[in-house]
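In what follows, a single structure is set out as C-alpha cells and then discussed.
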Amino acid sequence: MIDSASWAERLGGDTFLAQTCFRAHKVIRSNGNTSPSPLAWGDLNEIVAAHRLEPPRMRLSRAGEAVPATAYSILRTNRRGVSWYQPQPADFHARLAEGASLVIDAIDQIHPPVREAAAGLERFFRTPVQVNAYASWTAEEGFGTHWDDHDVVVLQLEGSKRWKIYGPTRQAPAWRDVEAPEVPTRDPIADIVLTPGDVLYLPRGWWHAVSADQGTASLHLTFGLATQTGAEFLGWLCDDLRASLTVRADVPRFGTPAERADYLAAVRKDVLAALDDPAVLDRWERTLDATHPGARACHCHT
C-alpha cells in the first residue's frame, strides 16, 4: 500500500516540501522498488467493462482534441429512459490503435487501491487529491503541449512514457486568471522517460508534452493536488470576518462621501487586524483539514 509515509520517503519528506514543492520538477526513479501497483491492465479492463462511465469522465483524446463519443460508443437507453454511451469494443480499440489516449477521471472513486494511494498523498500534502488514469498505445501525443492549473504527482505503472518539460511561461497561472500563459517557444528544459515505478512531480503552470513513443503500451496515474492559493486563503478570511458587524453590514452605496470613507476605514481596520494575527495561516490550514470530506464513497453505476 502506498501510504503517507511511503510517499514522504519517495518524494523526500520535509526537504521536498521546503525546497522543491511549488518550485521545480523532480524525477524519482524506482531503482528496483517493488511496491504493489495500485492499478494494472486487468483492473483497467474491468473498470471499462463494468462501470457506466459517461464522457467526459471516461474519454479518448487525440492530438489535443477530444474524440467524439459517437466514434467509439453507441447511445443506449433503458426502459426507465436513462441514456448512456456504451463503448463498442471494435470501434473503441480502433480509435486507440489510431493514436487516441484513454483517460478515466477520478479513478480513485471506483478503485480502492488507487483511493488508498490518493489518501496517503493527501495526508502528505494536506490538500485534496483527485487521480486520473491515462493509457496510450501509440507514439502520438494525446493532449499536445499543455499546462495544468494544479500540481501533479505522476506514477508510471506499466510500459514507459516520454515527458518533454518546458517549464512555466507565467508565474502561478490559475484556472480563473486575468490572462493565459504564452505557449513556450524554446526547447524543453527536460526530456525524460518514465518507466514502471518512477515518479514525477510537476508544479502547476509547467508546460509539458507526453507520448508513449518507446515502443510499449503505457499506463500511468496522475495525482492532481487541489491548489491552495492566496485567493483561497482570502476567500476563507472573508467568511471568517463575518463575525465583524462592519463586514456583515450593508455597504453604504448611497451614503455621503464621508460615510463611505468611514466605512472603508472600518473595513480596513478589521482586515488588517485579521492579517496581523501571526496564527491566521495556521487557523486557515486547520480548517482545510477539518473540512476535508475524507475518503469518498463510490457513486458510479455498475
Side-chain angles (χ1 to χ4, degrees), residues 1-33 35 37-39 103 105-108 113-134 136 141 143 145-175 181 184 188-212 218-229 232 285 288:
M1 182 180 71
I2 309 178
D3 57 13
S4 181
S6 299
W7 281 119
E9 182 180 359
R10 292 294 305 278
L11 291 171
D14 290 342
T15 301
F16 170 86
L17 295 176
Q19 299 179 4
T20 304
C21 190
F22 311 140
R23 296 173 175 83
H25 79 283
K26 182 176 182 178
V27 179
I28 303 99
R29 298 297 181 183
S30 64
N31 295 325
N33 187 316
S35 298
S37 174
L39 183 74
V103 188
D105 282 356
I107 196 169
D108 49 305
V114 175
R115 184 160 61 247
E116 292 173 2
L121 202 60
E122 287 180 338
R123 286 189 288 272
F124 178 66
F125 281 102
R126 295 180 62 188
T127 195
V129 171
Q130 176 181 304
V131 191
N132 295 350
Y134 295 83
S136 304
E141 295 177 359
F143 303 92
T145 304
H146 66 285
W147 61 278
D148 297 312
D149 64 358
H150 52 270
D151 294 20
V152 299
V153 174
V154 176
L155 175 60
Q156 186 69 30
L157 302 177
E158 303 278 354
S160 56
K161 212 63 173 287
R162 183 181 185 185
W163 290 71
K164 296 180 182 179
I165 300 171
Y166 296 86
T169 58
R170 172 174 169 76
Q171 286 189 316
W175 175 60
I189 62 174
D191 190 339
I192 60 175
V193 174
L194 298 184
T195 56
D198 289 348
V199 172
L200 167 67
Y201 167 76
L202 200 63
R204 68 181 166 109
W206 283 51
W207 291 84
H208 52 281
V210 189
S211 61
S218 171
L219 175 63
H220 77 263
L221 296 173
T222 293
F223 296 77
L225 314 180
T227 304
Q228 306 295 347
T229 69
E232 277 73 34
E285 289 180 311
L288 294 179

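- Note that the CD1 atom of I28 and the CD atom of E9 stand 12.0 Å from one another [nearest 0.5 Å].
- Residues that satisfy the side-chain hydrogen bond (donor to acceptor under 3.5 Å, both in side chains) test with Q156, not counting sequence neighbours, are S218.
- With sequence neighbours excluded, the residues forming a side-chain contact (heavy atoms from CB on, under 4.5 Å) with T222 are Y134, V152, V154, H220, listed by chain and number.
- Listed by chain and residue number, R162 satisfy the salt bridge (Lys or Arg N to Asp or Glu O under 4.0 Å) test with D191 (two or more places apart in sequence, or in another chain).
- Shown here for V131 and D108, the closest heavy-atom pair between the two residues is N-OD1, 3.0 Å.
- Applying the side-chain contact (heavy atoms from CB on, under 4.5 Å) rule to Q19 yields the partners T15; only residues at least two apart in sequence or on another chain are considered.
- Listed for the R23 side chain is a donor-acceptor partner under 3.5 Å among the backbone atoms of A18.
- Considering all non-hydrogen atoms of both residues, S160 and V193 come closest at CB-CG1, 3.9 Å.
- Across all non-hydrogen atoms, the minimal contact from P196 to L157 is CB-O, 3.6 Å.
- At least one side-chain heavy atom of L221 sits less than 4.5 Å from a side-chain heavy atom of L39.
- Q228 is linked by a side-chain hydrogen bond (donor to acceptor under 3.5 Å, both in side chains) to T127, counting only residues two or more places apart in sequence or in another chain.
- Taking CG of L155 as the start and CD1 of I2 as the end, the distance is 5.0 Å to the nearest 0.5 Å.
- In this structure, D151 and Y201 have side chains that are in contact, with non-hydrogen atoms separated by less than 4.5 Å.
- Between R126 and L17, the closest side-chain pair of non-hydrogen atoms is not below 4.5 Å.
- Here the closest heavy-atom approach between residue A174 and residue W147 is recorded as O-CH2, 4.0 Å.
- Taking all atoms of both residues into account, the shortest heavy-atom contact from E141 to V210 is CG-O, 3.4 Å.
- The shortest side-chain heavy-atom distance between C21 and F16 falls under the 4.5 Å cut-off.
- Within the 3.5 Å criterion, the main-chain N or O of T227 finds no donor-acceptor partner in the side chain of R204.
- The closest side-chain heavy-atom distance from K161 to S211 is not below 4.5 Å.
- Counting heavy atoms from C-beta on, the side chains of L225 and P128 never come closer than 4.5 Å.
- Evaluation of the ring pair (Phe, Tyr, Trp, His ring centres under 6.0 Å) rule for H208 yields H146, W163 as partners, not counting sequence neighbours.
- Taking NZ from K164 and OG1 from T145, the interatomic distance works out to 8.0 Å, rounded to the nearest 0.5 Å.
- For the pair F125 and V153, the minimum side-chain heavy-atom distance is below 4.5 Å.
- Considering only residues two or more places apart in sequence or on other chains, E232 meets the side-chain hydrogen bond (donor to acceptor under 3.5 Å, both in side chains) condition with T229.
- Remark: aromatic rings of F223 and W7 are close, center separation under 6.0 Å.
- In this structure F124 satisfies the ring pair (Phe, Tyr, Trp, His ring centres under 6.0 Å) test with no other residue, sequence neighbours excluded.
- From L11, atom CG reaches atom OG of S6 across 10.5 Å, with rounding to the nearest 0.5 Å.
- Interatomic distance, L121 CG to D3 CG, rounded to the nearest 0.5 Å: 11.0 Å.
- Between the side chain of N132 and the main chain of A106, a donor-acceptor pair closer than 3.5 Å is present.
- The closest side-chain heavy-atom distance from P188 to I165 is not below 4.5 Å.
- With sequence neighbours left out, D148 forms a salt bridge (Lys or Arg N to Asp or Glu O under 4.0 Å) with no residue at all.
- For the side-chain hydrogen bond (donor to acceptor under 3.5 Å, both in side chains) test, residues two or more places apart in sequence or in another chain that qualify with T195 are D198.
- Contacts of R170 classified as salt bridge (Lys or Arg N to Asp or Glu O under 4.0 Å), with partners at least two apart in sequence or in another chain: D177, E179.
- Taking all atoms of both residues into account, the shortest heavy-atom contact from I107 to A133 is CD1-CB, 3.7 Å.
- For R123, the side-chain contact (heavy atoms from CB on, under 4.5 Å) partners are S4, A119, not counting sequence neighbours.
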